[in-house]
Amino acid sequence: MSQKDSAAGEAVIRPVAFYRGGFEQKFGIPRQAGLVPEIIGRVEFHGEFAVADALRGIEDFSHLWLIWQFSKNIRSTWSPLVRPPRLGGNEHMGVFATRSPFRPNGLGLSCVRLLEVDGTDLVVGGADLADGTPVFDVKPYVGADSHPDAELGFTTRNTDYQLEVLFPEELTSGVPASVLEQLHGVLAQDPRPAYQHETERVYGLTYAGWNVRFTVDGKRLKVLEVEPASEG
C-alpha cells in the first residue's frame, strides 16, 4: 500500500480463512449470530494463515468474534439510509445504526461459540454466515465485550419471531439427526422477510444439502417437503 493510499484512509485486507456451513444461499440464514445455536460450521484457515501457532491459546475461550465479508451482498454503491427487515422493511434507519449488509465496506461481525480446535480449523456454533464466506479476522470474546446494561435501540422491537415448527415424521426419513436439529432451529426463527405474511405462499430454503419447502400460518410453520438438494 502506497503512502498516498494510506493518507487517504484506504487499506487492503485479505481473508485469513473461509467459513464452511450449511447455507449456500442467503435465504434462511439467521438474522444474527447466536439465534440458532444448533448450527455448526467450520472456520478454515488457508495458506500462510493455516498455522497452529496462530491459534495457540484460543481453546481457552468459549466464544469468538468473526469479522467477515457480506460476500452475497456485494454492491459498488451504498446508501446512508437502509430499511431493516426487523422493522418490516418500511422504516428507514441510518446504515451505521444497523447491521445491514449494504454498507460502505460490507463487513460483518458475529459472535460464535468455539466448540473445538481441529488442527488449524475452528469448529463453531451459532454462526450467521453463508458457506464460503471470507473471514478477515478472528478475535477472542473477552469480559470487556459484555455490557448487560446496554441500550439496544430498535432491535428490541418486533422480536417475536419464534414459530412452532410442524415437521411430519414421514418427511424426516434419511435426513441426519444433526441436520434435523439444525433445521428445526432455523425454521423456528421464521426465515421469511418480516414483510411477507401470505399464509398460502410456499417458501423454500436449502440447508446442508437438503431442499425444504414450507408454509407459515400465524405462528405455525408446516414443513411440506424435504428432498436432497441434488434432486431438487
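Computed over heavy atoms, backbone and side chain alike; hydrogens, waters and symmetry mates excluded. The shown structure was predicted, so the numbers you read here are calculated from the model rather than taken from an experiment. Start at 1 with the first residue, then count along the sequence.
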Exercise. Do any N or O atoms from the side chain of R31 and from the backbone of Q189 form a donor-acceptor pair under 3.5 angstrom?
Worked result: yes
Exercise. Is the shortest heavy-atom distance from the side chain of F214 to the side chain of V165 under 4.5 Å?
Worked result: no
Seminar exercise, completed: Looking only at heavy atoms, the pair that brings K72 and A130 closest together is CE-CB, 4.0 Å
Problem set entry | Nearest heavy-atom neighbours spanning F45 and A50 | O-CB, 3.5 Å
Exercise. Could you state the interatomic distance from CD (Q182) to CD1 (I40), rounded to the nearest 0.5 Å?
Worked result: 6.0 Å
Exercise. Got a second to check how far T98's OG1 is from F154's CZ, nearest 0.5 Å?
Worked result: 5.5 Å
For this session: Please report the closest heavy-atom contact between V135 and L129, naming both atoms and the distance.
Result: CG2-CD2, 4.4 Å
Exercise. In this structure, are over 12 heavy atoms from other groups packed under 6.0 Å from E151 atom CD?
Worked result: no
Problem set entry | Side chain proximity check, Q32 to R99, heavy atoms < 4.5 angstrom | yes
Exercise. If you group Ile, Leu, Val, Met, Phe, Trp and Tyr by side-chain heavy-atom gaps below 4.5 Å, do V179 and L115 land in one group?
Worked result: no
For this session: Heavy atoms only: give me the nearest W65-C111 pair and the separation to one decimal.
Result: CZ3-CB, 3.6 Å
Exercise. Any chain of hydrophobic side-chain contacts (each under 4.5 Å) joining Y141 to L35?
Worked result: no
Problem set entry | Residue pair L122, L114: steps toward the side-chain contact (heavy atoms from CB on, under 4.5 Å) verdict | CA-CA 7 Å; L122 304 176; L114 175 59; 4.1 Å; yes
Exercise. Between P191 and L205, what is the shortest heavy-atom contact and its length?
Worked result: CG-CD2, 4.0 Å
Output side-chain donor-acceptor pairs under 3.5 Å for residues 17-25, partner residues at least two apart or in another chain, one line each.
none

Exercise. Are I58 and V112 connected in the hydrophobic side-chain network, where two residues link if heavy atoms are under 4.5 Å apart?
Worked result: yes
Problem set entry | Heavy-atom side-chain contact between R113 and P37 under 4.5 Å | yes
Exercise. Name the one of L187, T172, L166 that satisfies side-chain contact (heavy atoms from CB on, under 4.5 Å) with V223?
Worked result: L187
Exercise. Do V138 and L66 come within less than 4.5 Å of each other through their side chains, counting heavy atoms only?
Worked result: yes
For this session: Count the heavy atoms belonging to other residues, nucleotides or ligands that lie under 6.0 Å from CZ of R103, then report whether that count exceeds 12.
Result: yes
Exercise. Side chains of W210 and L180: does their closest heavy-atom pair fall under 4.5 Å?
Worked result: no
Exercise. If you draw a 6.0 Å radius around NZ in K219, do more than 12 non-hydrogen atoms from other residues or ligands fall strictly inside?
Worked result: yes
Exercise. How far does CZ of R213 sit from OH of Y203, to the nearest 0.5 angstrom?
Worked result: 12.5 Å
Problem set entry | Min side-chain heavy-atom separation D118-R42 under 4.5 Å | yes
Problem set entry | Distance (rounded to the nearest 0.5 Å) between S100 OG and F70 CZ | 7.5 Å
For this session: Kindly work out whether a path of hydrophobic side-chain contacts (I/L/V/M/F/W/Y, heavy atoms less than 4.5 Å apart) joins I13 to W68.
Result: no
Problem set entry | Over all atoms of both residues, closest heavy-atom pair of V175 and V226 | CG2-CG1, 3.9 Å
For this session: With rounding to the nearest 0.5 Å, note down the distance linking CD in Q69 to CG in N105.
Result: 10.0 Å
Exercise. Does I67 share a hydrophobic cluster with F49, counting links as ILVMFWY side-chain heavy atoms below 4.5 Å and allowing steps through other members?
Worked result: no
Exercise. Tell me, do P80 and W78 make a side-chain contact under 4.5 Å, heavy atoms counted?
Worked result: yes
Seminar exercise, completed: CE of M93 to CD of E91, rounded to nearest 0.5 Å, is 4.5 Å
Exercise. K222 and D217: side-chain contact (heavy atoms from CB on, under 4.5 Å), yes or no, with the steps?
Worked result: CA-CA 8 Å; K222 183 177 181 180; D217 187 357; over 6 Å; no
